[in-house]
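Below is one structure, written out as structure tokens; the observations come after it.
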2 protein chains.
Amino acid sequence: MKTDTNNATTTTVYEVARVAGVSPATVSRYLNGTAKISDEKRASIEKVIEQLNYKPNVLAQSLKMGSSRTIGVLTQSLVSGYFNEAMTGIDEAMKDAGYVPLIMSGHWHASEEAERVELLIARRVDGLVILTGNLSDAQILQYARRVPIVAFGRKLEGKQAFGFCLDNYQAACDAMDYLIEQGHRRIAFIEGPPEQEDARARLAGYRDTLARHNIKVHPKLIVPGDFQESGGLLAVNQLLETGQRFSAIFAGNDLTAYGARLALYRRNIRVPEDVSIIGFDDLHSSMCTTPPLTTVRQPLFDVGICIGQIMLKMINHEKFTVDIPALSLVVRESVRRIG
Amino acid sequence: MKTDTNNATTTTVYEVARVAGVSPATVSRYLNGTAKISDEKRASIEKVIEQLNYKPNVLAQSLKMGSSRTIGVLTQSLVSGYFNEAMTGIDEAMKDAGYVPLIMSGHWHASEEAERVELLIARRVDGLVILTGNLSDAQILQYARRVPIVAFGRKLEGKQAFGFCLDNYQAACDAMDYLIEQGHRRIAFIEGPPEQEDARARLAGYRDTLARHNIKVHPKLIVPGDFQESGGLLAVNQLLETGQRFSAIFAGNDLTAYGARLALYRRNIRVPEDVSIIGFDDLHSSMCTTPPLTTVRQPLFDVGICIGQIMLKMINHEKFTVDIPALSLVVRESVRRIG
DNA sequence: TTGAAAGCGATACCAA
DNA sequence: TTGGTATCGCTTTCAA
């Protein structure tokens with residue numbers, strides 16, 4: 001009942017073999033270089049392939065070989081500069097090995113993430129990359145029994161599973177040290193979603209560094225955010241409306257910093273003359289904000305490369321060691337020395 | 001010589017059938033609801049599937065059905081907010097129909113694009129979406145003989161091909177009308193890459209609108225850019241260094257506007273008090289620049305939805321009509337009324 | 001309603 | 001070096 005989608009009849013190894021006067025096995029051997037072929041047949045096959053514009057059906061190959069040369073990537077947002085920088089690295093690291101990423105987004109929603117993972121597995125991806133998200137470690141380990149997994153944004157070690165994260169805590173400490181070194185004492189902090197490990201680590205870095213410098217942690221200076229611009233905007237409004245005094249803001253991430261900066265702009269509070277801002281992530285656009293944002297650089301591209309390399313090793317059952325990329329403070333112009 | 005990648009033996013319809021005491025055909029029928037099944041067998045199958053945690057092999061299904069339920073998307077950058085907003089729309093539009101996007105990037109390089117397209121076709125995607133890029137229309141039409149194509153960023157009409165673009169020219173005219181209405185006469189324009197149709201259309205809109213208002217088109221006010229922040233920065237530097245006078249800048253796109261804004265900031269030129277800026281694209285972050293950027297909104301998400309819907313129709317050989325989303329000016333705070 | 005078997009397009013083993 | 005053929009996991013006639 002169903003008509004062919006493609007008008008042109010697809011050419012197959014059989015077709016090529018027939019026209020070239022050889023067996024399909026030989027054509028396959030030619031394609032994969034699996035065995036020596038007489039020059040005569042080789043020439044013939046080459047000609048026919050050219051002439052018929054034959055392209056092997058990857059689906060059939062995958063089925064037969066038990067490997068789709070595809071690796072599934074579960075991201076949380078197709079539009080996030082943060083995730084997409086990592087995606088680029090993954091793609092870069094795997095493409096030379098002939099792997100193609102199949103990307104799906106879980107939108108930070110555990111049940112949707114689980115659904116996507118099942119979809120990816122059903123498509124027989126050779127490996128799975130999970131970029132943060134809300135799945136439990138137990139669930140991931142469970143999936144790892146079906147497919148090798150490398151996760152980013154959580155520590156994980158298992159039979160076919162490996163996960164790592166960057167040292168957000170240390171980087172937050174460094175950022176705070178910098179702020180304090182620049183003379184800031186009353187520093188506001190805009191949180192990220194508490195269910196995200198990274199967000200908690202940054203907050204911890206904030207608190208601990210203050211404590212280490214014997215600066216009182218003022219609870220009113222810690223305001224909730226959501227890692228989005230709107231959260232940053234609201235947070236600063238709240239800070240201002242409740243009359244807090246602060247000379248600097250440590251935003252949970254760059255997006256938050258953007259929102260915070262806008263809230264300040266609205267009230268004619270200058271950055272960095274009146275208030276300093278420091279972010280976290282170093283999104284591409286942070287280079288061009290007004291003023292350019294001082295922030296913590298997350299080397300996401302390198303993370304992606306790293307993920308890809310581990311994935312490759314795992315797929316090939318090779319041992320691997322990991323060199324986790326380091327976070328670093330990038331000083332631009334949104335923080336001013338005071339006092 | 002090669003060991004199984006997956007430790008667990010994959011369960012198949014045969015396995016399920018054997019355990020459930022039915023034929024594989026019946027299991028398949030159950031899976032697809034292709035025929036009535038006795039309650040008894042149905043229950044039995046259900047139980048076994050559950051117990052064996054059976055998931056159909058999509059690869060095998062695809063091979064058999066001649067459809068991979070995958071649609072290839074050729075984008076130009078994995079990190080571009082511009083493209084990714086469209087991606088989201090495409091994903092949204094197609095996922096309910098069970099289609100999954102397979103994304104590859106051509107990086108604005110015709111030969112790489114061609115390579116990716118071949119890869120996508122080899123994977124037997126059911127359809128292909130081409131987001132702008134540098135392939136020739138002829139090449140695309142050629143590919144369309146093998147797979148249905150919908151292209152964005154070019155007008156195209158063919159047997160299995162359809163392409164559309166947004167009216168960049170008209171939107172550029174609108175933006176210019178707005179600037180002029182606000183009293184601006186000396187308006188600088190930062191170009192995009194001339195090989196991109198959109199860039200040319202915007203420039204044409206700039207020129208023509210000026211002409212229509214009997215305002216002299218001053219060649220020195222038109223400076224090259226590259227649709228990146230750096231291009232915008234350089235362009236403004238050039239403008240300033242060659243001593244041009246201008247009260248407003250029409251940036252070829254938002255990224256360019258960001259760079260331009262930074263160049264101005266560096267020289268203590270205020271926006272919009274001293275110079276107004278208008279962008280094009282309305283990237284998400286343009287909402288939060290300082291000041292928020294007045295720009296032309298490209299409804300990329302809607303474009304994505306539109307692309308997805310057309311794709312679906314094409315795959316199903318249904319007629320379709322297209323309602324091309326409109327561009328619109330979004331007035332924020334980067335343009336000031338003068339004179 | 002059900003089962004047997006052919007076939008999707010490739011690969012690789014076994015013989016020759 | 002080559003060819004014949006079984007097989008990957010599934011769907012779908014065709015018969016029963």
Side-chain angles (χ1 to χ4, degrees), chain A residues 1-6 8-45 48-49 52-69 121-124 126 146, chain B residues 1-6 8-45 48-49 52-69 121-124 126 146:
Chain A
M1 275 314 89
K2 99 186 254 307
T3 44
D4 254 27
T5 297
N6 293 335
T9 338
T10 347
T11 42
T12 71
V13 257
Y14 284 87
E15 179 72 359
V16 174
R18 194 179 54 74
V19 180
V22 301
S23 78
T26 305
V27 177
S28 172
R29 287 193 266 259
Y30 164 79
L31 255 20
N32 305 297
T34 338
K36 285 224 164 68
I37 300 171
S38 67
D39 290 348
E40 183 195 11
K41 308 220 171 207
R42 144 168 279 110
S44 166
I45 293 174
V48 176
I49 285 184
L52 265 42
N53 190 25
Y54 166 76
K55 306 278 149 106
N57 182 330
V58 176
L59 255 30
Q61 288 180 318
S62 300
L63 176 60
K64 178 64 192 176
M65 311 284 287
S67 152
S68 59
R69 293 259 137 189
I121 294 181
R123 286 185 176 249
R124 294 304 189 269
D126 296 335
R146 303 203 262 155
Chain B
M1 273 317 88
K2 100 186 249 307
T3 44
D4 255 27
T5 297
N6 294 333
T9 339
T10 348
T11 42
T12 71
V13 259
Y14 281 87
E15 179 71 359
V16 173
R18 196 180 53 74
V19 179
V22 300
S23 80
T26 306
V27 177
S28 172
R29 287 194 266 257
Y30 165 79
L31 256 20
N32 305 299
T34 337
K36 287 224 162 69
I37 299 170
S38 68
D39 289 348
E40 185 195 10
K41 307 217 172 207
R42 145 167 277 110
S44 166
I45 293 174
V48 175
I49 286 184
L52 264 44
N53 189 26
Y54 167 76
K55 306 278 149 107
N57 182 329
V58 177
L59 255 31
Q61 289 181 317
S62 300
L63 176 59
K64 180 63 196 178
M65 311 282 288
S67 152
S68 59
R69 294 259 133 187
I121 294 180
R123 286 185 177 249
R124 295 303 188 267
D126 295 335
R146 303 204 262 155

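Numbered from 1 within each chain, the chains take letters A, B, ... in sequence-line order. Keep in mind it's a predicted model, so treat the numbers as computed, not measured.
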Among C/dA10, D/dT2, C/dA12, the nucleotide that comes nearest once only the side chain of A/Ala35 is considered
D/dT2
Under the criterion side chain to side chain contact (heavy atoms under 4.5 Å, CB included), which of A/Ser23, A/Ser28, A/Pro24 is the partner of A/Thr26?
A/Ser23
For B/Pro56 versus B/Gln61, what's the shortest heavy-atom pair and its separation?
CB-NE2, 3.6 Å
Sort me out a list of protein N/O and nucleotides 3-5 of chain C N/O pairs below 3.5 Å, or just none if empty.
residue: C/dG3; atom: OP1; partner: B/Lys41; partner atom: NZ; Å: 3.3
residue: C/dG3; atom: OP2; partner: B/Ser23; partner atom: N; Å: 2.9
residue: C/dG3; atom: OP2; partner: B/Ser23; partner atom: OG; Å: 3.2
residue: C/dG3; atom: OP2; partner: B/Thr26; partner atom: OG1; Å: 2.6
residue: C/dG3; atom: N7; partner: B/Arg29; partner atom: NH2; Å: 2.5
residue: C/dG3; atom: O6; partner: B/Arg29; partner atom: NH1; Å: 3.3

With heavy atoms under 4.0 Å as the rule, sort B/Tyr54 into base, sugar-phosphate or nothing.
sugar-phosphate
Are the side chains of A/Ile45 and A/Val22 in contact, using a 4.5 Å heavy-atom criterion?
yes
If you compare every side-chain N and O of A/Ser62 against the phosphate oxygens of C/dA10 (OP1, OP2), does one of them come in below 4.0 Å?
no
It should be established whether B/Gln61 places a side-chain nitrogen or oxygen under 4.0 Å from OP1 or OP2 of nucleotide D/dT11.
yes
Minimum heavy-atom separation for A/Leu59 and B/Arg124, please, with both atom names.
CD2-CB, 3.8 Å
Are any non-hydrogen side-chain atoms of B/Val27 and B/Tyr14 less than 4.5 angstrom apart?
no
Check every strand shown and say whether A/Thr12 touches a base, only sugar-phosphate, or nothing at a heavy-atom separation below 4.0 Å.
sugar-phosphate
Proximal nucleotide (of C/dA10, D/dT1, D/dT11) relative to the A/Val13 side chain:
C/dA10
Spacing of B/Ile45 atom CD1 relative to D/dT11 atom P, expressed in whole Å
12 Å
Got a donor-acceptor pair under 3.5 Å from the side chain of A/Lys64 to the base of D/dT7?
yes
For B/Ala60 and B/Lys36, find the nucleotide of DNA chain C closest to each by heavy atoms; which residue's nucleotide sits nearer the 5' end?
B/Lys36
Within the structure shown, what part of the strands sits under 4.0 Å from A/Leu63 by heavy-atom distance: base, sugar-phosphate, or nothing?
base
In whole angstroms, how far is the P atom of C/dG9 from the CZ atom of B/Arg124?
8 Å
For D/dC8, take OP1 and OP2 only and decide whether either is under 4.0 Å from a side-chain N or O of B/Asn57.
no
Calculate the interatomic distance between A/Met65 atom CE and C/dG9 atom C1'; express it in whole Å.
13 Å
